[in-house]
K.L.:
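One structure coming up, written as C-alpha cells, with questions to follow.
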Amino acid sequence: MIKNEIKSLRWISFVSKRFASVDRKGRAAVTSFLATLGICVGVMTLIVVISVMNGFQMSFIDSILEISSFHARVQNLNQESENDFLKFCDKNPQVLCVTPFYEAQALMAGEKNGTSSVIIRAVPQNIYQNDDGFQKEIQIIEGDFDLGENEQSKYFGNNTIVLGYSLANHLGVSVGDCVNLLMLSGSSDVELFSEDRVFIVSGIFSCGYQEINSGYAFLSINKATDYFGKESKKSYGLKFAHYDREMKIINQIQKEFPDCKAESWRNYNRSFFSALKVEKNMLMFLVALIFIVVAVNIYNGMRRVVFERKNEIAVLSALGARKWGIKAVFIFKGFLSGFFGAITGMIFGIFIAHNSDVVFTVISKIMFFFQYFLTAITEPENLMYIQENSTYRIYAEIPARIFPKEVAVITLFGIISPLAASWAASKNVLKMTVSEVLRYE
C-alpha cells in the first residue's frame with residue numbers, strides 16, 4: 001500500500017516537472033513565476049508589517065506591565081496571611097519578584113505654579129535593583145531613582161520623589177526642585193488639601209508609554225503611612241516568568257488565600273489592550289488581502305493551463321491515468337508555487353524585520369536624495385529647506401518583535417492559499433470526454 005502511494009507521488013512529480021519543462025517561456029511559466037513572486041512578496045510584507053507593529057505595541061504593553069499594572073496584583077491580605085503569602089511566592093519558581101506598594105491620586109504643583117493630576121505610587125527603595133523588568137523599562141534621564149532611604153544618598157532622610165519626564169516638563173521642575181502635593185486621596189485620617197506635602201525631585205525617568213511619563217510619580221513606601229494614611233491598603237505586584245500564563249498562578253493564590261483579591265494584568269487598561277488587538281487584526285486582514293489577490297490570479301492562470309493542456313490530459317487519461325492523479329499534477333504545481341514563494345518570503349521577511357532600523361534609514365536616505373534631486377532641478381532656491389523625513393527615523397527606533405507563531409501562521413497561509421486555488425481550478429480537468437478531445441484534434 002505504501003509502495004503504491006510512493007509510486008503515485010513519483011508519477012505526479014514527474015508529470016508536473018515535464019509540464020513545466022516544455023513551457024519554460026510560455027504564458028504558463030510566466031503565470032507560475034508571478035504567482036510565486038506574489039506569494040513571496042505577500043509573506044515578506046506581512047511578516048515585516050506585523051513585526052514592526054508588534055514592536056510598536058509591545059513598547060506600550062511592556063511599560064504598562066512592568067511599571068503600572070504588574071503581571072498580577074494581590075490585595076486584601078491581612079497581617080496573618082501576609083507572611084504566608086510571601087513564603088508561597090518564594091517557593092513558586094514561576095514568581096520572579098514580589099513588590100509591595102501603595103497608590104493614590106494627587107494634584108501636584110511645581111515651583112512655577114504649574115499643576116497636574118498624577119498617580120503617586122509608594123514603592124520600596126530597592127525596586128530599581130531587584131525588579132529587572134522595572135529597571136529595563138524605567139530609563140533615568142536625569143538624577144537617580146533615589147527615594148531618600150539609602151544612607152549613601154545625598155537626599156537621605158528627606159522627602160524625595162521621582163517624576164516622569166513629561167510630568168516634570170509640565171510642572172517646570174528638574175532635579176533638585178521641589179513639588180507639592182496640594183490634594184491627595186488617602187484614608188480618612190489624611191487631609192485632602194495641604195500645602196505642607198513638599199518633596200524634592202531626585203530623579204526624572206522616561207519609558208515607552210506616554211501616559212506613564214506624564215502621570216506617574218514614585219516615592220518611598222516608608223512615607224506611605226505618613227501621607228496616604230494608616231488605613232490605606234497595601235497591594236502586592238507580582239512578576240511571573242511568563243506574563244501570558246498568569247491565570248494558573250492567580251488561581252493557586254486564590255485557592256491558598258481565599259480572602260485575598262488577585263487580579264490579572266488583563267483587567268487593567270482593558271480598553272487600551274482591546275484597541276491594540278483590533279488594530280493589529282485589521283492591519284493583518286488588510287495586508288492578507290494580498291494572498292486573496294494572488295490566489296485569484298493563480299486560479300485563473302491554472303484554469304488556462306488546464307485548458308491548454310487538454311490534449312496532454314486526454315492522452316494521459318487514455319493511457320490509464322486516473323482522474324484524481326491528473327488533478328494532483330496541477331495541485332502539486334500550485335503547492336510548489338506556494339511553498340517556494342512562502343519560504344523565500346519568510347526568509348526575506350525575517351531578515352528585513354531583524355534589520356528594520358537599517359531598512360528605514362536607507363529608505364529615508366533614498367527619499368531625501370530624490371527630493372533633493374527634483375528640487376535642484378525645479379526649484380533650486382528651496383534646497384536649503386530640504387531635510388530628511390523624521391518619520392523614518394522614528395520608525396527606525398522601533399525594535400521589531402518577531403513572534404514565531406505568527407510567522408508560522410503567515411507562512412502556512414501563504415502555502416495554503418495557492419494550494420486551494422489550484423485545487424479549485426483542477427475541477428475543470430476532464431470535463432470533456434477523451435474521445436471528444438481527440439476527435440477535434
Side-chain angles (χ1 to χ4, degrees), residues 66-70 73-79 82 86 97-111 114-131 134-135 138 140 142-165 167-168 170-171 173-205 207 212-238:
E66 300 296 342
I67 302 173
S68 175
S69 68
F70 297 94
R73 289 188 186 184
V74 177
Q75 297 174 328
N76 299 337
L77 287 170
N78 54 42
Q79 293 181 352
E82 195 170 7
L86 294 176
C97 66
V98 181
T99 303
F101 69 94
Y102 294 90
E103 194 170 81
Q105 295 181 341
L107 180 65
M108 183 180 292
E111 292 182 346
T115 59
S116 178
S117 59
V118 298
I119 295 177
I120 306 294
R121 179 169 290 183
V123 296
Q125 169 69 39
N126 59 1
I127 185 176
Y128 196 70
Q129 289 75 31
N130 294 345
D131 190 341
F134 186 87
Q135 185 181 39
I138 291 284
I140 301 298
E142 187 178 351
D144 298 297
F145 196 88
D146 186 357
L147 302 183
E149 300 295 327
N150 192 338
E151 294 182 357
Q152 299 177 351
S153 167
K154 64 178 180 179
Y155 301 107
F156 178 67
N158 294 319
N159 292 337
T160 59
I161 196 167
V162 180
L163 307 178
Y165 82 93
L167 175 61
H170 183 73
L171 297 177
V173 297
S174 58
V175 172
D177 296 337
C178 293
V179 295
N180 190 357
L181 303 183
L182 295 177
M183 186 170 63
L184 180 65
S185 63
S187 58
S188 58
D189 57 333
V190 175
E191 294 183 3
L192 180 62
F193 298 95
S194 176
E195 295 184 358
D196 298 329
R197 292 186 285 249
V198 179
F199 290 81
I200 302 173
V201 179
S202 61
I204 297 176
F205 70 87
C207 69
I212 296 178
N213 293 328
S214 61
Y216 265 71
F218 297 93
L219 53 82
S220 172
I221 194 171
N222 295 329
K223 306 292 183 181
T225 304
D226 298 336
Y227 293 100
F228 293 2
K230 296 180 180 179
E231 298 178 1
S232 56
K233 295 182 179 180
K234 181 189 291 186
S235 301
Y236 286 90
L238 278 65

K.L.:
side-chain contact (heavy atoms from CB on, under 4.5 Å), that's the test. Do L181 and Y227 meet it? Break it down for me.
P.N.:
CA-CA 10 Å; L181 303 183; Y227 293 100; 5.7 Å; no

K.L.:
Quick one: which of L167, L163, I138 gives a side chain to side chain contact (heavy atoms under 4.5 Å, CB included) with F205?
P.N.:
I138

K.L.:
Please name the pair of heavy atoms, one in A109 and one in L182, separated by the smallest distance, quoted to 0.1 Å.
P.N.:
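Scanning both residues, the minimum pair turns out to be CB-CD1, 3.5 Å.
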
K.L.:
How long is the span from the CD atom in Q105 to the CD1 atom in I119, to the nearest 0.5 Å?
P.N.:
6.0 Å

K.L.:
Side chain to side chain contact (heavy atoms under 4.5 Å, CB included) with S174: which residues, sequence neighbours excluded?
P.N.:
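By the side chain to side chain contact (heavy atoms under 4.5 Å, CB included) rule, S174 matches E142, D177.
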
K.L.:
Working to the nearest 0.5 angstrom, can you tell me the gap between M108 CE and I120 CD1?
P.N.:
3.5 Å

K.L.:
Let me see the working for V198 and C178 under side-chain contact (heavy atoms from CB on, under 4.5 Å), right down to the final yes or no.
P.N.:
CA-CA 7 Å; V198 179; C178 293; 3.9 Å; yes

K.L.:
Walk me through it: do V123 and I221 pass the test side-chain contact (heavy atoms from CB on, under 4.5 Å)?
P.N.:
CA-CA 5 Å; V123 296; I221 194 171; 5.7 Å; no

K.L.:
Any side-chain heavy-atom pair from F199 and N159 closer than 4.5 angstrom?
P.N.:
yes

K.L.:
Report yes if the side chains of V162 and L147 come closer than 4.5 Å at any heavy-atom pair, otherwise no.
P.N.:
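In contact.
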
K.L.:
What closest approach, in Å, do Y236 and L238 show between heavy atoms, and which atom pair accounts for it?
P.N.:
O-CD1, 3.7 Å

K.L.:
Would you please name every residue forming a ring-ring contact (aromatic ring centres under 6.0 Å, His included) with Y128, sequence neighbours left out?
P.N.:
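Here the qualifying residues are F145.
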
K.L.:
Could you tell me which residues satisfy side-chain hydrogen bond (donor to acceptor under 3.5 Å, both in side chains) with S68, sequence neighbours excluded, listed by chain and number?
P.N.:
Y216

K.L.:
Within the distance-only criterion (no hydrogens, no angle test), does the side chain of N213 pair as donor or acceptor with the backbone N or O of C207 below 3.5 angstrom?
P.N.:
yes

K.L.:
Where do A168 and I204 come nearest, in terms of heavy atoms and distance?
P.N.:
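Closest pair (atom of A168, atom of I204, distance): CB-CD1, 3.7 Å.
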
K.L.:
Working note: N180 + R197, criterion side-chain contact (heavy atoms from CB on, under 4.5 Å); need CA distance, chi angles, decisive distance, verdict.
P.N.:
CA-CA 5 Å; N180 190 357; R197 292 186 285 249; 4.0 Å; yes

K.L.:
What distance do L219 atom CG and T160 atom OG1 have between them, rounded to the nearest 0.5 Å?
P.N.:
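So the gap between those two atoms works out to 8.0 Å.
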
K.L.:
To the nearest 0.5 Å, how far apart are CZ in R121 and CZ in F228?
P.N.:
10.0 Å

K.L.:
Using the salt bridge (Lys or Arg N to Asp or Glu O under 4.0 Å) criterion, which residues pair with K234? Sequence neighbours excluded.
P.N.:
E82

K.L.:
Hey, what do you get for OG1 (T99) to CZ (F134), rounding to the nearest 0.5 Å?
P.N.:
8.5 Å

K.L.:
Using salt bridge (Lys or Arg N to Asp or Glu O under 4.0 Å) as the criterion, list what pairs up with D131, not counting sequence neighbours.
P.N.:
K239

K.L.:
Any idea which heavy atoms bring I127 and P124 closest together, and the distance?
P.N.:
CG2-O, 3.1 Å

K.L.:
Which heavy-atom pair separates L171 from S116 by the least distance, and what is that distance?
P.N.:
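That closest heavy-atom pairing would be CD2-N, 3.9 Å.
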
K.L.:
Could you report the tightest heavy-atom contact between A104 and L184, atom names first, then the distance?
P.N.:
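Heavy atoms of A104 and L184 come nearest at CB-CD1, 4.0 Å.
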
K.L.:
So, taking the atom named NZ in K223 and the one named CD1 in I161, what distance separates them when rounded to the nearest 0.5 Å?
P.N.:
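So the NZ of K223 and the CD1 of I161 are separated by 12.0 Å.
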
K.L.:
Sequence neighbours left out, what passes side chain to side chain contact (heavy atoms under 4.5 Å, CB included) with S235? Give chain and number order.
P.N.:
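Expected list: Q75, F101.
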
